Amino acid sequence: MTVPNATGPRPRQDAPGFPGMLDGLRVVELADESGEYVGMTLAGLGAEVIKLEPPGGAPTRAIGPFLGDEPGAERSLHFWNYNRGKRSVILDPGTPEGRADLKRLLASADILLDASGGAVAKALGTEPREIAALHPGLIVARMTAFGDAGPWKDYKSSDLVHLALGGVMMNCGYDPDPSGHYDTPPVAPQLWHAYHIAGDQMLVGILAALLHRLHTGEGQDLCVAIHEAVSKNTELDVMSWVMRRAPLFRQTCRHAAEKPTHVPSIGHTKDGRWYIATGVSVRDQTNLVPFLDNYGMAADLALPGAGADTKARNVPGSGASDEGKAHMLEIVQRFIRSWRYDTMPWREAQAAGLLWAPLRKPHENVGDVHWQKRGTFAEIEHPEHGRSFHYPVSRWLSTETAWKAGRRAPLLGEDTEAVMGGLAPRPPMTAPARPRGAPAPALSGWNKPFPLQGVRIFDFSWFLASAGGTRFAAALGADVIKVEWKDNPDTRLAAMSPVGGREARRAATAPLQGVTDPDMGGQFNNKNSGKSGLSLNIRHPKGLEIARRLIAQSDVVAEGFSPGVLERLGLGYDVQRGLRPDIIYVQQSGMGGVGSYGRFRTIGPVAAAFAGTSEMSGLPEPAMPAGWGYSYLDWMGAYSFATAIMGALFHRDRTGKGQWIDSSQCEAGIFLGGVPVLDWSANGRLWSRIGNRSPYKPAAPHGAYRCAGEDRWIAISVFDEAAWRALAKVAGRPAWLEDPRFATLEARLLHQDALDAAVGEWTAGQDAYACMHILQAADVPAGVCQNAEDRCDHDPQLEALAWMTEVTGTKIGRWPVAEIPAKLSRTPPYSGGIIDRGAPGYGEDNARLLGELLGYSSAEIAALAEENVI
């Protein structure tokens, strides 16, 4: 997209001379599939990542799919994807030589990425959380399954088990039958998303620790529990339960809802593909009826009546449904059925203001001109095979830094000699180019300093995808000023505070009625706690001048509007850097500003459809996609947004240079689909849905099985013979061990339907939690498919991890909100932020901000309100 009259630098990816945000940093990685994504992303940001492998190679080299479907340590497409850009060093920490080499490596490193399950600490003769103390200045980032403490800390896990216990599965799956009974199990979205979720939240913690170290020289320990990170990744279910005691129920390829309907927001084309056509608000109806009428297919739909609110924006999944809305979706599905996938006029629908998009398979984005312009994919050469393969390699564009595609994943041990022969101690820290201006450290709710002390963010974010990113920054100590205007406010009406407040909630035994006051939304409180609130009309000359003066005092401008909005209003990057030369401007839209889809309308479900994450999940065809039951890419976009902000701060504080970052919510989703893209590129195979099964890291049984009670399920993952024998013993089914169909893992994989039926027959009579505990005691990875009530009220591990923090909002009162899952030993996050408060009411901090920061008097502030400026 080109903005008229734009001058100066524009975000771009095709700039070989651009540095990575983390250039010059060394990461030592000892990780399996639970942590490799973090190392791959750190390499993409420019760090040197040294992967330590045992002599036989990392276990992830045995995870499929494989090049040509031939297993081999150098042929795993999974390993290729998650280890792109790294260097391989063979090292056995269990030997004296290996321990000595490990210590030398750590002395040269900035970051230790440890997903070894305690192997590093054992080799060093210490406890995991004490590793950082052995190497001053080292940041130790530890990925754990369940954390360092708590009753479940030693439980066995898998991607499936984490998605079950974390609540994702109970949000995802298919509609219930007409009686409200679920006749299909919840579905774990594919592939490896528990590790993506935890990995992106760990990245935010690592960047926070790097910023603290840059200004203090101090390293620290950082631990992320995958269970905690995943449990916070769902959207409306937790706050709906916390605020109103309202459970949500999964629906097909759309948001879980309090009252599920039976009309999905995806429609089937005549040739068997799918389109999403979401949005049933008055505003959507105003655009929909004329569009359908152009094709003679509006049927009995009519424009909204006079006086209808055409400006209202709804949080997906938060509005009540009715037969009128269901009928509207059925008319839309009739329209979709009349087209082939390649002829459906979705671009015309987008131009008409409708939230429509194809459900693409991951590989279908590779040839899209928009993503080609953005450098989202790269062809990486594999000289051993005499060809190149396609990878997703970028999540945003910038004017100063660039994502690094890197070389192909390393051959086993190919860098051992070069790395170990050139080791030198980590050089002393140099003084930052841009020291912090805060006179003294602010103290968090834990009475420790914040890592982002002295950073101010002028925040035009909204919805979860961008507001959730600046919420991370606020919890890490940034002074975040959230800017809204009444003509186009952020979405506040979701998971509302109950009538009667906290006392009514404590006494509740059924769902409560919510208030309608927009300053009392639980979901808004959860994604905006710790921020200050400023109402500002930047279309008014005086409002624009206030914005300019505050930007001049800010480090970051964060923005979540459609591309070009701020530029047209007179606050584009050229203006910003004229006000402050080292300003960081991070904008996030659905598709990104650079490219051909700049004005493309998206929300989380639309981005997921386009990125490929909706099509990937569900039962095999001919079943329809189950997709996601919440705006998954809103969260992944939020993590990416926070990473961009903090990475740019690190680069600015090291070099003195600000930058403009053009971030894309959809691109954050594409970045997660590397394995199916590689499988298409290498093997010509198109993605096919696999339900809850695990063909790539072979496991059987591997699924969700019904337990006693209504809609109760347990996830079980059996990867080896020891776990299979333990499962049969716990179940009291010795005949399973004698059945030739189940005699080996290979046999069980061939007979999974019969195996699932046998396991399900046993679990159907079991209490889900008793079943989980007895299986875990036998070292079988298993986890209850938990809903929001389970996690909030009955999960002792989340309680032990202090996963929620109580904050007090001025009007909404005191409520729990999710805490940042990265446990930083020196600079722990606190969701109340530096102001120790919940989310702001609309314009709540106008007087304080305008008075303290700009020197306005009370009379002048009152006059600004009279003039409709604030």
Side-chain angles (χ1 to χ4, degrees), residues 1 11 13 41 44 189 193 196-197 200 235 253 265-266 274-279 316 346-347 349-350 354-377 390-398 403 461-466 468-469 559-564 586-617 625 627-628 630-644 661-674 676-677 687:
M1 185 188 79
Q13 179 70 23
T41 309
H193 287 300
H196 296 150
I197 291 165
D200 270 335
E235 191 175 359
C253 208
S265 56
I266 60 172
W274 298 89
Y275 274 83
I276 189 169
T278 190
W346 64 274
R347 290 178 177 83
Q350 277 280 338
L354 298 172
L355 289 161
W356 289 22
L359 267 70
R360 283 187 168 173
K361 294 179 184 291
H363 75 278
E364 291 176 320
N365 283 304
V366 175
D368 191 306
V369 173
H370 176 77
W371 305 120
Q372 291 175 349
K373 288 180 180 178
R374 293 184 63 81
T376 306
F377 297 90
H390 292 90
Y391 292 76
V393 297
S394 171
R395 297 203 303 218
W396 60 69
L397 308 181
S398 172
W403 282 86
S461 69
W462 65 338
F463 273 78
L464 177 57
S466 53
E559 180 246 300
F561 303 145
S562 297
V586 184
Q587 62 174 135
Q588 176 154 273
S589 57
M591 308 295 278
V594 173
S596 52
Y597 294 148
R599 300 294 294 174
F600 195 96
R601 294 192 69 221
T602 61
I603 54 176
V606 174
F610 211 93
T613 54
S614 292
E615 174 68 51
M616 283 182 68
S617 293
W628 289 80
Y630 62 97
S631 292
Y632 174 57
L633 291 193
D634 272 16
W635 268 128
M636 303 313 283
Y639 307 149
S640 187
F641 197 54
T643 300
I661 294 176
D662 173 22
S663 182
S664 161
Q665 180 188 17
C666 188
E667 220 161 2
I670 289 173
F671 194 76
L672 307 177
V677 167
W687 174 263

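These figures come from a predicted structure and were not determined experimentally.
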Q) So, for P362 and G673, which heavy atoms are closest and what is the spacing to 0.1 Å? A) CB-O, 4.4 Å
Q) Rounded to the nearest 0.5 Å, what separation is found between the CD1 atom of I276 and the CD atom of E615? A) 12.0 Å
Q | Heavy-atom closest pair, residues P625 and C253 | A | O-CB, 3.7 Å
**Q.** Heavy-atom closest pair, residues S664 and G590
**A.** OG-O, 3.3 Å
Q. Between W403 and T41, does a side chain to side chain contact (heavy atoms under 4.5 Å, CB included) hold up when you go through it step by step?
A. CA-CA 9 Å; W403 282 86; T41 309; 3.9 Å; yes
Q: Evaluate the side-chain proximity of T643 to R395: yes if any heavy-atom separation is below 4.5 Å, no if none is.
A: yes
Q: Take the angle between the ring planes of Y639 and W635 and call it parallel below 30°, perpendicular above 60°, tilted in between.
A: parallel
Q. Can you name the side-chain contact (heavy atoms from CB on, under 4.5 Å) partners of S589, sequence neighbours left out?
A. P563
Q: State the SG-CE distance between C666 and M591, to the nearest 0.5 angstrom.
A: 4.5 Å
Q. Do E667 and T376 have a side chain donor and acceptor closer than 3.5 Å?
A. yes
Q | Closest non-hydrogen atom pair, A465 against Q665 | A | CB-NE2, 3.8 Å
**Q.** Spatial distance of atom CZ (R374) from atom CD1 (I670) [nearest 0.5 Å]
**A.** 9.5 Å
Q. Hey, mind stepping through Y597 and T602 against side chain to side chain contact (heavy atoms under 4.5 Å, CB included) and telling me if it holds?
A. CA-CA 10 Å; Y597 294 148; T602 61; over 6 Å; no
Q: Would you confirm whether the ring centroid of W396 sits within less than 6.0 angstrom of the ring centroid of F671?
A: no
(Q) Side chains of S640 and S663, heavy atoms from C-beta outward: is any pair under 4.5 Å? (A) yes
Q: Taking all heavy atoms of G468 and all of A638, pick out the closest pair and write down the distance.
A: C-CB, 3.7 Å
Q | Sidechain-backbone polar pair: W462 side chain, G560 backbone, donor-acceptor under 3.5 Å | A | yes
Q. Are the side chain of S466 and the backbone N or O of E559 linked by a donor-acceptor pair below 3.5 Å?
A. no
(Q) Would you say that K361 contacts P676 through its side chain, given a criterion of any heavy-atom pair below 4.5 Å between the two side chains? (A) no
Q.
Using 0.5 Å steps for rounding, measure from the NE2 atom of H193 to the CE atom of M616.
A. 5.5 Å
Q: Answer whether the closest heavy-atom distance between the side chains of L672 and Y632 falls below 4.5 Å.
A: yes
Q) Can you tell me how far CZ of F641 sits from CD of Q587, rounded to the nearest 0.5 angstrom? A) 9.0 Å
Q. Taking the side chain as C-beta and beyond, is there a heavy-atom pair between W687 and E364 under 4.5 Å?
A. no
Q | Which atom of G669 lies closest to which atom of L633, heavy atoms considered | A | CA-CD2, 3.6 Å
**Q.** Option passing ring-ring contact (aromatic ring centres under 6.0 Å, His included) with W346 (candidates W356, W274, F600)
**A.** F600
Q: Verify, without hydrogens or angle tests, whether N365 (side chain) and F610 (backbone) share a donor-acceptor contact under 3.5 angstrom.
A: yes
Q) Counting only N and O atoms by type, is there a donor-acceptor contact under 3.5 Å from the side chain of H370 to the main-chain atoms of S596? A) yes
Q: Starting at OH of Y275, measure out to CZ of R360 and round the result to the nearest 0.5 Å.
A: 8.5 Å
Q) Taking it one step at a time, do M636 and I197 satisfy side chain to side chain contact (heavy atoms under 4.5 Å, CB included)? A) CA-CA 7 Å; M636 303 313 283; I197 291 165; 4.2 Å; yes
